[in-house]
Amino acid sequence: MSVTESWQEFAASAAKQAGNLHTASVSERIRDIHQRIKERHPAIARIAVALYDPEMRRLKTFVASNDSGTPLTGYECCIDDVPSLLRIAESGETRILNDVGSAPLSDAEHSRWLKNEGYQSSLTVPIRRNEQLLGFLFFDAYERNVFTDGVVADLVLSGHLIGLIATQELSTVQMLVGGLRLASQFAHVRDLETGAHLDRMARYARLIAREIGPAHGQSDDYAEIVFLFSALHDIGKVGVPDRVLLKPGKLDDAEREEMRQHVVVGLEMAERIINDFGLSNLPNIQMLRNIVLAHHERMDGSGYPNGLVGDDIPLEARIVATADVFDALACKRSYKPAWTLADAFAEIARMSGSQLYAPTVQALFDRRDEVEAIYKRFQETPLKL
Ligand SMILES: [Fe+2]
Ligand SMILES: [Fe+2]
């Protein structure tokens with residue numbers, strides 16, 4: 001089969017895949033594409049996508065399909081520490097390694113992993129959209145000299161579609177979140193939950209999700225969805241009157257009840273959006289409902305609206321609760337001054353286990369350097385989605 005014919009066949013199957021957006025997860029779709037590619041190139045034992053975060057200049061594992069071996073998950077590094085990938089990012093060219101054993105690879109953990117797993121050939125393709133680097137696509141094989149010119153030509157063509165599919169769900173969610181945030185700004189310019197609070201708490205939530213996700217059976221794409229949806233946790237505050245929302249000092253019982261309604265109003269808003277945009281089959285859309293409704297539930301049952309206890313609280317809501325509380329402590333509110341980061345850490349340690357899910361608190365402690373970097377970086381700037 002010629003490259004053109006195999007490409008046409010692949011494009012047809014990719015078009016079918018694109019139609020599947022609302023039924024299959026990104027991981028499932030990448031696995032499916034991997035099987036199709038192996039029909040043409042049986043030696044390709046692994047396809048993986050890493051995402052690039054331009055703000056922190058970090059590369060993160062995202063989705064992968066492996067024939068065998070130990071998958072590389074939950075891994076991230078700074079792109080500046082991997083000069084070969086930086087070069088690919090800047091030039092937009094592909095990197096072909098047909099003898100990994102003798103290639104001058106970096107000392108980074110993923111290079112060691114590649115060699116330890118016994119991969120002998122590797123092809124790296126940058127994923128770009130509108131001149132922006134979105135990430136990298138990796139094809140790996142256990143044999144040497146797999147990536148001949150013909151194979152590379154075919155895979156590079158396929159690679160652009162794989163990149164598109166891998167980032168498609170995120171783009172849909174990004175558009176949804178961006179639209180909702182804009183709409184809530186128009187309806188709610190008075191909100192004290194500033195853009196900077198959302199910037200920070202969404203990033204703390206992603207950090208926690210990456211740290212504890214694997215132990216909860218979640219793959220790396222889970223953290224990206226948590227990141228995007230967490231910025232919407234308080235959309236329901238649009239329905240809370242100013243006299244309650246902006247009141248300096250403590251709320252009385254009636255006012256507190258009005259404030260608490262924001263989670264139920266938020267869920268109604270989310271349902272409307274899901275219906276209006278036909279998103280009910282989007283993988284992970286349930287996470288939006290869980291985050292909006294349950295981010296004030298507490299581990300000991302003292303939260304609202306349902307007084308859920310422990311594991312009955314969806315994991316993403318436990319993650320967002322910790323990120324939200326931590327940032328609320330560390331920034332100024334109408335009823336309190338900003339606490340120092342050290343005081344905020346001490347307070348979440350106190351709440352750990354009783355109100356906040358202990359592993360989420362531990363995750364912030366374990367990645368304290370990154371927490372501090374996020375805190376310093378995102379001061380009163382709009383969230384870039
Ligand atoms: Fe809230
Ligand atoms: Fe918040």
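All residue numbers in this chain count up from 1 along the given sequence. Order of listing sets the numbers, starting from 1, for every ligand and every atom in it.
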Notebook entry, point to check: Within a radius of less than 6.0 Å around CD of Gln35, do more than 12 heavy atoms belonging to other residues, nucleotides or ligands occur?
Noted result: yes

Checklist line | Atom of His296 closest to the Fe ion (ligand 1), considering N, O or S atoms | finding: NE2

Checklist line | Metal proximity, Asp324 vs the Fe ion (ligand 2), N/O/S cut-off 2.8 Å | finding: yes

Check: In terms of side-chain geometry, is the basic nitrogen of Arg206 or Glu370 positioned less than 4.0 Å from the acidic oxygen of its partner?
Finding: no

Note to self: Check for me whether the distance between the ring centres of Phe138 and His110 falls short of 6.0 Å.
What the structure shows: no

Item checked: Enclosure of Asp252 CG (heavy-atom neighbours >12, cutoff 6.0 Å) -> yes

Next item on the list: Work out the angle at the Fe ion (ligand 2) between NE2 of His233 and NE2 of His197, rounded to 10°.
Entry: 110°

Check: In Asp234, which N, O or S atom comes closest to the Fe ion (ligand 1)?
Finding: OD1

Notebook entry, point to check: Is there an N/O/S atom in His262 at a distance below 2.8 Å from the Fe ion (ligand 1)?
Noted result: yes

Note to self: Just checking Phe345 against Trp339, ring centres under 6.0 Å apart?
What the structure shows: no

Next item on the list: Tell me whether His295 has at least one N, O or S atom under 2.8 Å from the Fe ion (ligand 2).
Entry: no

